[in-house]
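Because the structure is predicted, anything quoted here is derived from the model rather than measured.
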2 protein chains.
Amino acid sequence: MGRRPRRVTSKDVARLAGVSRTTVSLVLNDVPHARIAPETRRRVLEAARQLGYRPNAAARSLVRQQAMTLGLILCHPPAHVYTDPFLPQVLLGITGALQKTEYRLLLETVAEPSLREDYLDLAREKRIDGFILSGPRVDDVALRELHKEGIPIVLLGHLPDVAIPSVDVDNVRAAYTAVTHLIRLGHRRIGMITNGPLHYTASQERLNGYRQGLAKYNIPFEPDLVVEGHFTAESGEEAMRRLLTVRPRPTAVFVASDTVALGALVTLRQAGIRVPEDMALVGFDDIPLAAYVDPPLTTVRLPAYELGREAARLLLTLVAGESPPSSRTVLSTALVVRASCGALQALHNPQSKGGETGSNT
Amino acid sequence: MGRRPRRVTSKDVARLAGVSRTTVSLVLNDVPHARIAPETRRRVLEAARQLGYRPNAAARSLVRQQAMTLGLILCHPPAHVYTDPFLPQVLLGITGALQKTEYRLLLETVAEPSLREDYLDLAREKRIDGFILSGPRVDDVALRELHKEGIPIVLLGHLPDVAIPSVDVDNVRAAYTAVTHLIRLGHRRIGMITNGPLHYTASQERLNGYRQGLAKYNIPFEPDLVVEGHFTAESGEEAMRRLLTVRPRPTAVFVASDTVALGALVTLRQAGIRVPEDMALVGFDDIPLAAYVDPPLTTVRLPAYELGREAARLLLTLVAGESPPSSRTVLSTALVVRASCGALQALHNPQSKGGETGSNT
DNA sequence: CTGAAAGCGCTTACAG
DNA sequence: CTGAAAGCGCTTACAG
């Protein structure tokens, strides 16, 4: 490590350009109503360039009362984040939307117990001007508090009966589509493995979609046919084992997470149950690898990149003080039909991997 | 959006506690040599609590000349980040290490062309006190410049002939282990699919490990048997197709990325080539799903969480002005033997599917 | 068209 | 043991 070079401040630039710091600031910030002589402007720009001057972010934040930083708060249990093949895309969507702006992204992961403290402080210290909260929980009181205080917040996912702007997919509808797809393929006895515990809004909603799908076709709901997953492939393995003990055995299973579905697939393989011949499977998420497992997974595509991008855009309008066009953005999902549901087989096209897609919106 | 409540500053706390702002600062920061009367301290603490006071981060940064923020710069092409099942774990490792500290994490993704500008500015604006750079590239000049200026930097990965502290695995050795494992199983004709283009240090090194493995056993290196992957499963599909045209055909392939290997697996399936009976496969990374594909992937485990954690720890000592115990941390990898390499079959593992267990020689 | 001055909210010598 | 004052590096009315 070398020694830090002397800091260069606006004072240095002013001196070199032979103007005041005011003028330096005016020029560098391109202040609208400031009329600066072209020659002066040139001199300032040149001096700044020559000195490699960059305005100090802290000083600027202090005077502007803006951190120029947005937060991304990840409220998932470690087990989830760990296997989340989804996060990178969301991240890319967010940073993509921020790219042309002066805003930067602060990342915070929140362990369960300390929910409150952490991002409350982040906002109160004015380290961030607003934030995206991924994986909001119903029991999160700090969140409602912050929202009341006027901190710009966007939920990735959503919360019932809270007016916080959100970006999400219609989980109910998506699950409904997945299940009715199986029903139309002739299945009447369809199991479900949830993606996570039911206090996660998304888990609950996907379960609702499953029930609505059954109801639509007058298939009675059987609690025994629903097993809870816990985000991991491992939990899918176990859930499927449980499901296989139910009699009569289901002929199809809707697994509300591809990662969990991969675990289920392993159990099926070990039990010598062929997919889709003996058991049809539909997943959820369309993780990048869903097309590459055997058999390729029929699943519901979640627009991860777009979710991140839209959340960031929404937050950007919020911190700009504008009111957003809509405070609840719902992006559409699409059923991606591959081999695991058996639909392709019915079409005598066992090789296909891309599959047909049908939008559900 | 409600209206922002009046900011509470140290002045408010001082007034309520009946002391000066100096005393407030002294108490709240627990300044070592300040002797504050217990009763005064209590009053200050109580006032701060009552008002929900949190020191303004910008003001604090300005006076301390520390942003209390560390950067994580992701220098991967979008295609890589997109499918990186690895990033969440690294992230968790980093935020875990930062949890007990006052440092926060700023995330920056860098698209190829604009390499220079972006994080140069971040550092020059003093928005970050130092950073972790993931995926350093040999042609990155900005990086060397910043390092010369004394900005604390830790490389996730490493660069030849640069004295920047780094955290990495020994890619050469890991690849060597993977390849010699195949050789010991009897293979003599072993192909390789790289994880990415060879200007990535890691890709180059894994290729070197492959060559060293062959050399050790006096197996001549054949350029035709090496095909470049590009981080994605799709690229693995294509690479394997190319490899299958080589005559005589390899009996085993080392794929330096699990994600890429999954693509290779698809090609093999489509060609009716059984793994491991007709073709043995060893991957790299041990992505969370490696154990859940068919056949389960033998691979090299990369300690993703630990890499993130160690990088953060190293950076923390650097920004604290201390010199680190070692400026090059090398974490160890481990060969994880599953079914795809055929080793389990040789042991008469009951799990293995039917078919001959013929020797691979 | 440009500059002097105040102020953002802290911390930290320096007095007392 | 505690307070008045300076200063971190900017921006922004306000004069001129």
Side-chain angles (χ1 to χ4, degrees), chain A residues 4-45 47-48 51-68 102 121 123-127 129, chain B residues 4-45 47-48 51-68 102 121 123-127 129:
Chain A
R4 285 310 214 307
R6 207 180 58 72
R7 296 186 282 276
V8 8
T9 73
S10 70
K11 201 166 162 185
D12 300 310
V13 179
R15 188 173 333 147
L16 182 58
V19 298
S20 73
R21 281 152 73 223
T22 305
T23 305
V24 171
S25 175
L26 260 26
V27 170
L28 262 30
N29 290 312
D30 244 330
V31 176
H33 294 302
R35 313 226 136 269
I36 307 281
E39 166 59 12
T40 307
R41 175 181 299 274
R42 200 196 54 70
R43 279 214 318 276
V44 170
L45 256 18
L51 296 172
Y53 171 70
R54 295 260 79 208
N56 179 297
R60 193 177 246 187
S61 290
L62 182 57
V63 65
R64 283 196 189 161
Q65 298 289 355
Q66 283 204 61
M68 298 311 287
E102 284 193 64
D121 284 359
R124 296 248 168 89
E125 288 170 359
K126 303 265 180 296
R127 264 174 107 134
D129 301 313
Chain B
R4 282 311 212 304
R6 208 179 57 70
R7 296 186 281 277
V8 8
T9 71
S10 70
K11 202 167 161 183
D12 300 310
V13 179
R15 188 173 334 147
L16 183 58
V19 298
S20 72
R21 284 151 71 223
T22 304
T23 305
V24 171
S25 175
L26 258 27
V27 170
L28 261 31
N29 290 311
D30 244 330
V31 176
H33 294 301
R35 311 227 138 268
I36 307 283
E39 167 59 12
T40 307
R41 174 182 301 273
R42 201 197 53 71
R43 281 215 316 278
V44 170
L45 256 18
L51 296 172
Y53 171 69
R54 294 260 81 207
N56 179 298
R60 193 177 247 187
S61 290
L62 182 57
V63 64
R64 284 196 188 160
Q65 298 289 354
Q66 283 204 62
M68 299 310 286
E102 285 193 63
D121 284 359
R124 296 246 169 90
E125 287 170 0
K126 303 266 181 294
R127 264 174 108 133
D129 301 314

- Mind running salt bridge (Lys or Arg N to Asp or Glu O under 4.0 Å) on B:Asp12 and B:Arg21 for me, showing each step along the way? CA-CA 9 Å; B:Asp12 300 310; B:Arg21 284 151 71 223; over 6 Å; no
* Do A:Asn56 and A:Thr9 pass the side-chain contact (heavy atoms from CB on, under 4.5 Å) test, and can you show the C-alpha distance, the side-chain angles, and the key distance before you say yes or no? -> CA-CA 8 Å; A:Asn56 179 297; A:Thr9 73; over 6 Å; no
A:Ser25 and A:Thr22: side chain to side chain donor-acceptor pair (under 3.5 Å), yes or no, with the steps?
CA-CA 5 Å; A:Ser25 175; A:Thr22 305; over 6 Å; no
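Using a 4.0 Å heavy-atom distance criterion, A:Thr22 is classed as a base contact. Contact annotation for A:Thr40: backbone-only contact, meaning every heavy-atom pair under 4.0 Å involves sugar-phosphate atoms and none involves a base.
Among C:dC8, C:dC10, D:dC10, the nucleotide with an atom closest to any side-chain atom of A:Gln65 is C:dC8. Among the nucleotides D:dC10, C:dC10, D:dT2, the one closest to any side-chain atom of B:Ala37 is D:dT2. You'll find that the side chain of A:Leu26 is closest to D:dT12, out of D:dT12, C:dC10, D:dT11. The B:Ser10 side chain lies nearest to C:dC10 when the options are D:dT11, D:dG9, C:dC10.
No N or O donor and acceptor, one from the side chain of A:Ser20 and one from the base of C:dA4, sit under 3.5 Å apart.
Put simply, the side chain of B:Asp129 never gets that close to the backbone of B:Gln66: no donor and acceptor are under 3.5 Å apart.
The structure places CD of B:Glu102 at 5.5 Å from CZ of B:Arg60, a figure rounded to the nearest 0.5 Å.
Per the geometry, CE belonging to A:Met68 stands 17 Å off C1' belonging to D:dG9, to the nearest Å. Separating the CD atom of A:Glu102 from the P atom of D:dC10 is a distance of 14 Å, rounded to the nearest angstrom. Whole-Å rounding puts the B:Asn29 CG to D:dT2 P distance at 16 Å. Residue A:Leu28 contributes atom CG, which lies 15 Å from atom C1' of D:dT12 at whole-angstrom precision. Rounded to whole Å, the distance from CZ on B:Arg15 to C1' on D:dA4 is 17 Å. For A:Ile36 and D:dT11, the CD1 to P distance is 13 Å, given to the nearest whole Å. Across the protein-nucleic acid pair, A:Leu62 atom CG and D:dC8 atom C1' stand 9 Å apart, rounded to whole Å. Atom pair B:Lys11:NZ and C:dC8:C1' shows a separation of 12 Å (rounding to whole Å applied).
Both B:Ala59 and B:Val19 lie near DNA chain D, and the one whose nearest nucleotide falls closer to the 5' end is B:Val19. Two residues, B:Thr23 and B:Arg64, neighbour DNA chain D, and the one matched to the more 5' nucleotide by heavy-atom proximity is B:Thr23.
A sub-4.0 Å separation between OP1 or OP2 of D:dT11 and a side-chain N or O of A:Arg21 is absent. Taking only side-chain nitrogens and oxygens, A:Gln66 never comes nearer than 4.0 Å to OP1 or OP2 of C:dC8. Proximity of B:Thr9 to the phosphate of C:dG9: no side-chain N or O atom is located under 4.0 Å from OP1 or OP2.
By the 4.0 Å N-to-carboxylate-O rule, A:Asp121 lies too far from A:Arg124 to be salt-bridged with it.
When both distances must be under 3.5 Å, the Watson-Crick or G-U wobble mate of D:dA4 does not exist. Within the shown strands, nothing qualifies as a pairing partner of D:dA13 under the Watson-Crick or G-U definition with both distances less than 3.5 Å.
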